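Since the structure comes first, as structure tokens, the remarks are kept for the end.
As the structure is a computational prediction, the values presented were derived from the model and not from experiment. Numbering of ligands and ligand atoms starts at 1, following listing order.
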Amino acid sequence: MSHLQASELFSVKGRVVVVTGGGSGLGRTIAHALAVNGVSKVFVLGRREEALQQTATQDPNVIIPVKCDVSSKESLDAAYEAIAAQTDHIDVLFANSGIMGPDMPMPKPKADGSMPSITEVRDQLYNVPMTEFTNVMDVNVTGVYYTVLAFLPLLDAANSKRPAPQPNVLSTPTPQVILTGSLAGFNRKPPYSYAYNVSKAAVHHLTKMLSTTFTSYNIRFNGISPGLYQSEMAQHSFNDNGVPDAGISDGSFPVDMIPLTRAGSQQDFAGVVVWMTSASGGYLNGNILLTDGGRLSVMPSTY
Ligand SMILES: NC(=O)c1ccc[n+]([C@@H]2O[C@H](COP(=O)([O-])OP(=O)(O)OC[C@H]3O[C@@H](n4cnc5c(N)ncnc54)[C@H](OP(=O)(O)O)[C@@H]3O)[C@@H](O)[C@H]2O)c1
């Protein structure tokens, strides 16, 4: 029964991985979790070299910084060439880079309970410059899409390295792209940022479209949709709720906000990442995995 032991089920030994946004937050957790569990290489991509170097300090032999702006094809091409010079394939690509959108809250109801006028709603939302909306799309949607396209040849190369199938022996997983979506992509409530929520809904749909398109090429596409995890991007939610730390102990957040009353932890995220990257994640294709402590279940869908 050794094939059912956790050490076999969740082994990521020897895998070669690329993580965009690997210089901070969830991307850094992905890189650290995979490095500590025995992948052979994790290339971490982002614009800030210092942040990437900081991620790599955990294991400089395995974690390799590559400067890259995912919103530029030239930069993606340069990153691809730098990586292709160091490996002949990649097993998993995490298209994880993302930015928060501009603050676009709906005006609040008035003291007497009446709704803001349509002019007030229009003024508040229309005042946000168009470029702030499109900047979010450039990184979160266009950047993710072109990241995937850029790395297809190295992903495809992983297929040619898979051993020939043996009767009644589980084949090694096919290459996979894991896109970082968001709980926000499911959220219909007047959001913090229309641009951000729309961008993440697009990432979810992109994941499904790509998984359909590339079935015949044996490249799998799955998504992870985090709820609230402490990071540079998410820090405002911790500040707004007076949470001074990572918020991972029970009671850190109100139950009507997050049923488990806490933020996601590095362990919560690392567990999902290791599982999806491992042999036992090899049957996943076209899924969006929500890890949100039940938050979506209690999100109001109306104003
Ligand atoms: N934390 C949460 O609660 C949460 C919830 C749902 C979804 N997410 C998603 O998780 C992903 C990671 O975010 P995070 O929470 O870990 O926040 P974070 O620490 O702010 O990470 C965002 C990463 O994206 C990179 N990035 C931004 N623009 C880029 C560009 N043009 N080219 C390359 N890299 C770029 C940043 O690196 P550089 O600035 O160095 O380029 C940074 O490392 C994002 O897609 C985010 O939307 C997070």
Region of [X] that comes within reach of ligand 1 [heavy atoms, distance under 4.0 Å]:
X     : result
Leu45 : neither
Arg28 : neither
Asp69 : both
Val70 : both

Where is the nearest protein heavy atom to [atom]: which residue, which atom, and how far?
atom                    : answer
atom 37 (O) of ligand 1 : Arg48 NH2, 3.6 Å
atom 13 (O) of ligand 1 : Met233 CE, 3.9 Å
atom 28 (N) of ligand 1 : Arg47 NH2, 3.3 Å
atom 3 (O) of ligand 1  : Tyr229 N, 2.8 Å

Check for me whether [X] has a heavy atom closer than 4.0 Å to any atom of ligand 1.
X      : result
Thr180 : yes
Ser225 : no
Cys68  : yes
Val139 : yes

Subset of ligand 1 atoms that lie under 4.0 Å from at least one heavy atom of [X]:
X      : answer
Pro226 : 5 (C), 6 (C), 7 (C)
Lys200 : 44 (C), 45 (O), 46 (C), 47 (O)
Gly21  : 23 (C), 24 (O), 25 (C), 43 (O)
Leu228 : 3 (O)
Ile99  : 27 (C), 28 (N)
Tyr196 : 6 (C), 7 (C), 8 (N), 9 (C), 46 (C), 47 (O)

The one among [options] that brings a heavy atom closest to [atom]:
atom                    : options                        : answer
atom 4 (C) of ligand 1  : Ser231, Ala234, Ser182, Gly227 : Gly227
atom 48 (C) of ligand 1 : Thr29, Val203, Leu26           : Leu26
atom 7 (C) of ligand 1  : Gly98, Ser24, Gly181           : Gly181
atom 25 (C) of ligand 1 : Ser97, Ser199, Gly25           : Ser97

Would you say the side chain of [Y] lies within less than 4.5 Å of the side chain of [X], judging by non-hydrogen atoms?
X      : Y      : result
Val144 : Ser97  : no
Asp91  : Gln176 : no
Thr29  : Val273 : no

Check: Asn96 N/O within less than 3.5 Å of ligand 1 N/O: yes
Keeping [X] on the side-chain end and [Y] on the backbone end, is there a donor-acceptor pair under 3.5 Å?
X      : Y      : value
His204 : Ser182 : yes
Asn140 : Ile99  : yes
Arg295 : Leu183 : no
Ser114 : Lys110 : no
Glu49  : Lys67  : no
Thr20  : Asn96  : yes

Polar side chain donor-acceptor pair, Asp268 to Ser265, under 3.5 angstrom: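 Distance-only check passes for Asp268 and Ser265.
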Distance-only polar pair, side chains of Arg262 and Ser252, donor-acceptor under 3.5 Å: no
Geometric class of the Phe221/Phe214 ring pair [parallel <30°, tilted 30-60°, perpendicular >60°]: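 Judged by the thresholds at 30° and 60°, the geometry between Phe214 and Phe221 is tilted.
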Ile248 reachable from Leu260 in the ILVMFWY side-chain graph, under 4.5 Å edges: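 Leu260 does not cluster with Ile248.
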Stepwise side-chain contact (heavy atoms from CB on, under 4.5 Å) check, Asn187 with Lys200: CA-CA 10 Å; Asn187 181 14; Lys200 290 301 182 175; over 6 Å; no
